[in-house]
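Report on one structure; see the data block that follows.
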Amino acid sequence: MKMTPTLIIIGGAAIFAVVLLIVVILPWTTISEEPSEIFRPRTEIEQRGRVLYVKNGCTYCHTQFVRNIDWGLGAERIARSGDYIEDQPHLLGTERTGPDLSQEGGEHPDDWHLAHFVNPRYVRPESIMPSWGFLGIDNIRALIAYKQSLGFTMADYRVARQKHWKQKSIEAYEAGPDDNVKWLHERVPEPWRQLPNPYPTTAAGLQRGQRIYQGFCIGCHGPIGDGMGPAQPYLYPPPLNFTVLRDRGVSGGIFYYQIMNGITGTAMPYFKRELESEKIWDVGNYVAVTFIGQSDAGRPPRGIPAAYETQPEVRE
Amino acid sequence: MKLFKDEPYGTTKLFFLSSAVWFVIGTLAGFIDATHLAAPELLGDIPWIVFGRIRPMHTNLVIFGFVGSALLGTAHYLVPTLVHTPLYSERLGKASLWIWNVAVIAGTATLSMAYSQGREYAEWIWPVDMAVLTALAMMFYNLLQTVVRRKEKILYVSTWYVFGGLVFTFFIYFFGNAVWNPGTGAITGMPDAILAWFYGHGVVGLFLTPLAVASAYYIIPIVSRSPLYSHTLSLVGFWTILMIYTHIGTHHLLQTPAPTWLKVIAISGSLGMLIPVATVLVNLWLTMRGRLGYLHADIGGKFIFAGLVWYLLTCIQGPLQSLPVVQRVTHLNNWVIAHAHLGVLGFSGTIALGSMYFILPRITGHSLYSRRLADVQYWLVLIGMAGFFTVLTAAGLIQGNGWLNGEVVYRLLPQIHVYMLLRVSIGILIVGAACIGLYNIVMTLRGERSVTETP
Ligand code: HEM
């Protein structure tokens, strides 16, 4: 084959044209433009938030599609191409330095997002996400609106639930500590309320609890558990001051349930995906022992002791 | 060296100087990126270097600024030399160079001010896209006019790659940036993701790769003092890369709701990439067989050889990680970042450096300022690259396996922290290498000679 400039250029352009036709034009014209079952158009402020997301490169750390192998993320719904029909540019992303955001709407209330955008380490002490306070409160509001829209109608459902419980939790908080604690605990199912922490307090357990507390809770509940962590000014109702739980009938079961499930409406997130069972008991007991000074750990009724439990004399 | 005036190989010299400058700035940007991931509070809240902005500044600076400039400069040397005809117009060449540099500067500055189109390697906004396309068109015209006036009738394989690369880069850039949509530089929905990765993959596969291969095809036979092994292999390698590399962008989207048939094309094409890669490497390998001594005696040859080894590794890893079973673990985490550095810094970046060191003495008429500094740079890049690859791959495997095991992202952040620290430390080697390179190239262009080295 004799290679001449004409051959190279015409040949190259011809190959390009054919390939463009097959791998770009063909899918472009054949992919269905049908909206998926959860789709709804974005509002103006949500769209404004999306533009900020594009311009500030959130997409380098966050994906926007749930995969069928993401079972651990609670893959309630796998992404469909009909979810993206209004996206220009696409924001699928290629890296999960941070979590997937395609179903972010309603995971947290707005005040959690505000604290998180001002400084992610306020609510997630080990986060490596940048702080976005410099964007100004107006832009952050738009970003939050966009976040709350991710997941479309599925998000709307969750956001409505956040709003509903936000209202109730504020009322309870404003009624004073007695009523607030009562309200909080009445939301916990009865069997959990009765349940003491089944594992006795040990030095190792407290250490584990402390490690968890520092990695997950300290930004809100504060280093001394008084609810005055750096996120406090942004959150309403503010993070619980654990000392108000003293003599107000808290139990290991209540701790477990609240930490596992979170308190929708307040900034208190659920930790059932982050923390395994033992870690939840441990951090609950750490809070009980260190900040409240009252713990029901190891108190009867108990089942058969766990196999790893050491003799009480050796433990101390 | 003159900035605008006619002068033999002036375009190439300026491209090399630009490349050396962009290498320093681009790797500094990358270094800041890495710092953010290791210590997010360290640099405070400086808006214009926040991670989301400096990351595209970094990728575009190293692709278009550092590697791109060096390889385009190399093309402006290779083509005239191979056809025994001076460059059609050095003035046009320098004009295209300045437009190219203005594009890199403007693109970087606008990204820092949050003017971004948000698609990987297509972030630069429309006016910058126009500058890039204009510069590419001018270079193409200039080199074409040179070839049309050629004294040597037979075109060597490097020339094919230069022209193939330029034609494809122009079109891929044009379509990939959706320049008919100046506001967003994108089309809508899943087709946009497909187009964006058609482009994203094209930038590395049809801009950096052909130009780097062109340079290797030119330099390897010269430094190993042996004719090219096979013309037929060159032909196969050239046409198959154009046909196959273009098809496979969707391997970036295997886990998204892109059409299945397109994924099948992408995966089979990715495996098919072994053909062009193997033909090029076998051809060059057999050319230099038994002659590694010659190769390593020449500082340019030494870099090119290292670049080809990285090429082999990149292109073994590439097809492997385009398999869906592998991507279950490797997709969306630092594994991909390791591969990206292997391709861009290890393969095309190392070849870009080698080309500059090979060509500079030939166009300035005197030897390098310091061969020893170039050697130091060689080792810094080699060690840095190997370190990057190891550390990032390890971090990626931790993330990928953790997620498969049901871990949330947040829980794994402390796990990868130590790797992010190591990566910052290794980054110092690369930034150091870039600074040494800049010094060496500036001094060489000024015609200086290191006093500690006897010729
Ligand atoms: C045989 C050739 C190659 C194949 C089959 C291949 C395959 C791939 C695949 C499948 C990915 C996506 C990985 C993922 O997201 O899970 C990828 C990413 C990447 N590749 Fe390659 N690769 C090849 C060669 C190269 C070369 C030569 C370069 C550089 C010159 C390169 C640069 C990149 C870059 C920069 C990315 C990262 C894209 C991103 O930001 O997500 N690749 N490659």
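Within every chain, numbering begins at 1; the chains are lettered A, B, ... in the order of the sequence lines, protein sequences first and strands thereafter. Reckoned from all heavy atoms, side chains included, excluding hydrogens, waters and symmetry mates.
Within the 4.5 angstrom heavy-atom criterion, only backbone atoms of A/E86 (N, CA, C, O) approach chain B. Neither the backbone nor the side chain of A/L52 comes within contact range of chain B, judged by heavy atoms closer than 4.5 Å. For chain A, the nearby parts of B/F171 are the backbone and the side chain; heavy atoms of each come within less than 4.5 Å. For a residue to count as touching a neighbouring chain, one of its non-hydrogen atoms must lie under 4.5 Å from one of that chain's; by this rule A/F134 touches chain B with the side chain only. Both the backbone and the side chain of B/H247 come within less than 4.5 Å of a heavy atom of chain A. Heavy atoms of B/I187 lying under 4.5 Å from chain A belong to its backbone as well as its side chain. With a 4.5 angstrom heavy-atom cutoff, B/L37 touches chain A via backbone and side-chain atoms both. With a 4.5 angstrom heavy-atom cutoff, B/V336 does not touch chain A via any of its atoms. With a 4.5 angstrom heavy-atom cutoff, A/T59 touches chain B only via side-chain atoms. Proximity to chain A (any heavy atom under 4.5 Å) is shown, for B/F170, by neither the backbone nor the side chain. Only the backbone of A/T4 comes within less than 4.5 Å of a heavy atom in chain B; its side chain stays farther off. For B/P47, the parts lying near chain A are the backbone and the side chain together; criterion is any non-hydrogen pair under 4.5 Å. With a threshold of 4.5 angstrom between heavy atoms, A/I85 approaches chain B through N, CA, C or O but not through any side-chain atom. With a 4.5 angstrom heavy-atom cutoff, B/A196 touches chain A only via side-chain atoms. Of the atoms belonging to B/R411, it is side-chain heavy atoms, and not backbone ones, that fall under 4.5 Å from chain A. The contact between B/H231 and chain A is made entirely by side chain atoms (from C-beta outward), counting heavy-atom distances below 4.5 Å. Proximity to chain B involves both the backbone and the side chain of A/S81, based on heavy atoms less than 4.5 angstrom apart.
At least one side-chain heavy atom of A/L92 sits under 4.5 Å from a side-chain heavy atom of B/M190. Looking at B/F175 and A/L20, their side chains come closer than 4.5 Å, going by heavy atoms from C-beta outward. Side-chain contact between A/R96 and B/Q399 is absent, with no heavy atoms from C-beta onward closer than 4.5 Å. Within the 4.5 Å cutoff, the side chain of B/N181 has heavy atoms near those of the A/Q88 side chain. Annotation: side chain of A/V19 is in contact with side chain of B/F198 (closest heavy-atom distance under 4.5 Å). Here the side chains of B/M113 and A/K55 are not in contact, with every heavy-atom distance at 4.5 Å or above. No side-chain heavy atom of A/L7 sits less than 4.5 Å from a side-chain heavy atom of B/W160. Using a 4.5 Å heavy-atom threshold, the side chains of A/V23 and B/T246 count as separate.
Interface remark: of the candidates B/L262, B/D192, B/I194, B/I154, B/D192 forms the most heavy-atom pairs closer than 4.5 Å to chain A. Among B/T256, B/L195, B/N333, the residue making the largest number of heavy-atom pairs under 4.5 Å with chain A is B/T256. Heavy-atom pairs under 4.5 Å with chain A were tallied for B/V147, B/L404, B/L253; the largest tally goes to B/L404. No other option in A/V24, A/T63, A/T94 has as many heavy-atom pairs under 4.5 Å with chain B as A/T94. Contact tally against chain A (heavy-atom pairs below 4.5 Å) for B/L412, B/V148, B/I337: the top residue is B/I337. Among the candidates B/P56, B/G249, B/G164, B/P259, the residue making the largest number of heavy-atom pairs closer than 4.5 Å to chain A is B/P56. The greatest number of non-hydrogen atom pairs below 4.5 Å with chain A, out of B/F140, B/W197, B/W261, B/F51, is found for B/W261.
Judged purely by distance below 3.5 Å, without hydrogens or angles, the side chains of B/R53 and A/N56 pair a donor atom with an acceptor atom.
Close approach to chain B, defined as a heavy atom under 4.5 Å from one of its heavy atoms, is seen in A/N119, A/R121, A/R124, A/P125 of residues 114-125 of chain A, taken by number.
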